[in-house]
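In the text below, chain A, chain B and the rest are named by the order of the sequence lines, each starting its count at 1.
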Amino acid sequence: MAYVNAPVRKKDAMSLVTGKPVYVEDQIPKNALVVKLLRSPHANAFITSIDKTAAMKVPGVVCILTHEDAPKSRFTTAGQTYPEPSPYDRLILDRHLRCAGDPVAIVAAETAQAAERAVRMIKVKYDVREPLLDFRKAKDNPILVHPEDDFKALCPVGADNKRNLCSTDVFEIGDVEKELAACDVVCTRTYHTKANNQAMMETFRTFTYLDEYGRLTVVSSTQVPFHVRRILSNALEIKKSQIRVIKPRIGGGFGAKQSVVSELFPALVTMKTGRPASIIYTREESMTNGSPRHEMQMTVRVGADQSGVIRVIDLYALSNAGAYGDHGPTTIGLVSHKSLSLYGGLSAARFACDVVYTNTMGGGAYRGYGATQGIFAVEAAVSEIAAKLSMDPCEIREKNMVAEGQIMHTYYGEPCNSCALDRCMQKAKEMMQWNEKYPRKVLENGHIRSVGVAMAMQGSGISGVDIGSVEIRLNDDGFYTLLVGCTDMGTGCDTILSQMAADCLECDIDNIAVRGVDTDQSPYDTGSYASSTTYVTGMAVVKTCESLRKKIIEMGASMLGVSVDEVSFDGKRVYVIADENRSVTISEIGYASYEGHNHCLSASESHSSPVSPPPFMVGMAEIDLDPLTGEVNVIDYVGVVDCGTVINKNLARVQTEGGIVQGIGMALYEDIRYSERGTMQNNSFMQYKIPSRLDLNTIRVAFESSYEPTGPFGAKSIGELVINTPSPAIVDAIYNATGLWFDTLPVRAEDIALGLLKK
Amino acid sequence: MVVTITVNGTKYTDDISPDLPLLDYVRSKGCLSVKRGCETSNCGLCTVHLDGKPVLSCSVLAVRANGRQVTTLEGLEEEARAFGAFLADEGGEQCGFCSPGFIMNVLAMAHELDDPTDEEIREYLAGNLCRCTGYQSQLRAIRKYLTSKKEG
């Protein structure tokens, strides 16, 4: 293997570092209309009238669309495989405004200035209602977020709009109450995690135009081009055959762009006017009306015996869908599947959940997708029960962690075929010098140095649902074209899939031209989310290469006038095994396939996996805590990852470092807050603080690879896993420093300082 | 008002609106490397050099550049490639959206600071946010770049 497991440079790297115009905004046609939105100042209101007469008189304004002009079919903007589990609860423009910032009118003008001026001149009368803002009071509240009769759920997720329920579920394995009663120690605590914004550097943005065939072309910063095609068809009430979606380079996604956010507005303008149209979300719009992580409240009961064997975990999760149910019914499942399954020997486990509507911003997909919240709660509770047992938090995990060969009863009953969690723990302890540093040391300046630990897992794609397809063509002179439908969002999947193809075809990676994504031309792929691309689409690459090799061998054999059994292919040539001097080069085969043959050499295979093998990780934080101010600095973080075979050493490492830092942001800084009226208070980078360079010290990453038999080259996923350990590891470290458990994120300095004063 | 601004060595005379940010002015001149990531001068994506010094072009009016030299990444292609190669070899560009502003500030730092410590590097670049990388790979790239420059 020349490329797999090597630190290969990304194929698009030099374009990116030299600032080439490869993103959506750089490619907007000069004559495109600028689209701006009038947004609701109220969290719950009905529009009683809209007067756009004055606004229409602003020079340069071309059209202003309101709910009266928009189609009336409800749909979901969640980028999921059809039939989507997320309820159909949206309109492009609705008379009922369900959260602050909901769109009231779409304005399209020749210039941004004209559009902005017109937005300010639209006169709207609102029937303002009391908003439902506290998700703990949402279920069966008389204030209904979705009172409409045409609300519908395509899947049986337990949605009931007359009870503010987006979904509900419960499962139990064994007898939880009986096991809890039999435990020596039980630890019960309720945890609260906030909505977090993905804060990708490129905000939501799209431009649209009618192409030479009169079809709607949508160029968008999206993770899910094929889902965008379907969602736009649903929302605009036009045929899917009339829509083409193109994804250029995109400036980060982290799940935010697994929903349709900005696409609908310019699309509707183009359909109404026939003109190209574009929208660039401001940072404020991205913050107030994006698709953030679901806020959750989780109650955990963990029971163990005196020796530290964890026998039972009971978990209840309440999730705030916000105003719309995008990803609500699906994120909640991961809360339990990807936390409880870290523990292999449970005699009983239970998970119950409610996902409720409120008049806050609708949630969406954010890296980790519920697993992050669930792992925070369960891992913090496990650390607490270890403390109750006076046990090292690493030791209780070593005693109970899931192991290769076990059946994971809380993970769809899947077998654990690849797991190096034990080695991850051992390696992390060595790297952190855990035994020397645990639990704390008080420095001369009074600061406390302490360490904390957590484990994590995720999935690799959605089993039985996600599909990855690729096509590989042999061209003249023997180079290959690799067409992919998955979406590189900076993560480097175009490159790692090329690495796999180059190894399978035994060629130079520069001999592979990769191209994604255009729904008219790329083979179908569900898109890049759910940690699917390396694992699912990667396997499609392996299968496609096998098919193509077969065709190359057939053609080579036929050119040599022998049977296929008599030849072999080494990437450069097809040769007769018995007489290696008789051969045809791949270049000759390429040329020949273009001349007088009935088959150009091309192969396309799809892959879907019946299982979703979890990657695993151990994270350890070392913090410096000032007991006078409560300020916490993460001075060192160690992450040891089992993602199966590492396909690209550099990119896997950077994924891990980046995920850890996002996780540190979630643990210590990031906190979406609302006013009493339901408007977001911290809607900018000035107020919503993501980690900067100054917030970090060293982050050290290592890999302990297992081999996943169902993955390409033994690989599993990495993208989401890596955000999951910082919150519980830091909360554990704060306990080890202060003796206080914090159950609400982010843990702010003032909470720690006040906690210490009260102690 | 009428201004004369030199962008990457080319002199332009334009009648511009007094409230036009420098960011939008240079983009209108085809300097599409310059990105906007926020509206609050927090992200550093729009960093350009004004008479050789890094500024946030979202927060500088184009009229302030009257009679001055503006340099964007397009004007520093060679240096961008030299440092960019180190960044690429760490995988530290990721989505690449913050790279142009970040690289403009790295190049300014390399001129301004002699043999900076990690702490000095962090402080100089504190205003350049990145959501993908967690900054570690960028620091590795900067270290290697500075060493290679020193070794000539």
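Side-chain contact between A:Met489 and B:Cys95: absent, with no pair of heavy atoms (C-beta onward) separated by less than 4.5 Å. At least one side-chain heavy atom of B:Asn42 sits less than 4.5 Å from a side-chain heavy atom of A:Lys689. Counting heavy atoms from C-beta on, the side chains of A:Glu657 and B:Thr133 never come closer than 4.5 Å.
Using a 4.5 Å cut-off between heavy atoms, A:Arg205 touches chain B through its side chain atoms alone. In this structure, no portion of A:Ile660 lies under 4.5 Å from any heavy atom of chain B. If you measure heavy-atom distances from B:Phe102 to chain A, the contacts under 4.5 Å come from the side chain alone. Using a 4.5 Å cut-off between heavy atoms, B:Asp118 makes no contact with chain A at all. No part of A:Arg249 comes within reach of chain B, as not one of its non-hydrogen atoms sits under 4.5 angstrom from that chain. Heavy atoms closer than 4.5 Å to chain A are found in the side chain of B:Leu45, but not in its backbone. Both the backbone and the side chain of B:Gln94 come within less than 4.5 Å of a heavy atom of chain A.
A salt bridge is absent between B:Asp89 and A:Lys10: the closest approach of a Lys/Arg side-chain nitrogen to an acidic carboxylate oxygen does not fall below 4.0 angstrom. For the pair B:Glu120 and A:Arg693, the salt-bridge criterion is not met [side-chain N within less than 4.0 Å of a carboxylate O]. Contact check on A:Lys20 versus B:Glu77 returns a salt bridge, with a Lys/Arg side-chain nitrogen under 4.0 Å from an Asp/Glu carboxylate oxygen.
Rounding to the nearest 0.5 Å gives a distance of 6.5 Å between CE of A:Met201 and SG of B:Cys43. From B:Phe97, atom CZ reaches atom CG of A:Leu16 across 11.0 Å, with rounding to the nearest 0.5 Å. Here the straight-line distance linking atom OG1 of B:Thr40 with atom CG of A:Asn683 works out to 9.5 Å at 0.5 Å rounding.
Your options are A:Gly252, A:Gly253, A:Gly19, and the one with the most heavy-atom pairs under 4.5 Å with chain B is A:Gly19. For the set B:Ala85, B:Cys31, B:Cys98, the count of heavy-atom pairs under 4.5 angstrom toward chain A peaks at B:Ala85. Counting heavy-atom pairs closer than 4.5 Å to chain B, the top residue among A:Ser692, A:Ser15, A:Gly251 is A:Ser692. Between chain B and the residues A:Gln655, A:Met287, A:Glu284, A:Glu25, the largest count of heavy-atom pairs under 4.5 Å involves A:Glu25. Per-residue heavy-atom pair counts under 4.5 Å with chain B were compared for A:Val661, A:Val22, A:Val654, A:Asp488, and the maximum is reached by A:Val654. Comparing B:Leu139, B:Leu129, B:Ile121, B:Leu87 by heavy-atom pairs within less than 4.5 Å of chain A, the highest count is held by B:Leu129. Highest contact tally toward chain A, considering only B:Cys38, B:Ser41, B:Ser99, is held by B:Cys38 [criterion: heavy-atom pairs under 4.5 Å]. Between chain A and the options B:Arg36, B:Gln138, B:Glu39, B:Lys35, the largest number of non-hydrogen pairs under 4.5 Å is found for B:Glu39.
Within a 6.0 Å sphere centred on CZ of A:Arg117, other residues, nucleotides and ligands contribute 12 heavy atoms or fewer. Heavy atoms of other residues, nucleotides or ligands lying less than 6.0 angstrom from CG of B:Asp114 number 12 at most. Residue B:Arg64 qualifies as open at atom CZ: its count of foreign heavy atoms under 6.0 Å is 12 or below.
Side chain of A:Arg283 to backbone of B:Gly37: a donor-acceptor contact under 3.5 angstrom is found. Side-chain N or O atoms of B:Tyr135 include one that pairs as donor or acceptor with a backbone N or O of A:Pro691 at under 3.5 Å. In this structure a side-chain-to-backbone donor-acceptor pair under 3.5 Å is present from B:Gln136 to A:Asn697. B:Arg131 places a side-chain N or O within donor-acceptor distance of the main-chain N or O of A:Gln198, the cut-off being under 3.5 Å.
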Task: Evaluation steps, side chain to side chain contact (heavy atoms under 4.5 Å, CB included), between A:Leu651 and B:Glu90 - done: CA-CA 8 Å; A:Leu651 300 182; B:Glu90 294 293 335; over 6 Å; no
TODO: Determine, step by step, whether B:Cys132 and A:Phe254 satisfy the side chain to side chain contact (heavy atoms under 4.5 Å, CB included) criterion, reporting the C-alpha distance in whole Å, the side-chain angles of both residues, the deciding distance to 0.1 Å, and the verdict.
DONE: CA-CA 9 Å; B:Cys132 294; A:Phe254 314 115; 3.7 Å; yes
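B:Ala88 approaches A:Met14 most closely through the heavy-atom pair CB-SD, 4.2 Å.
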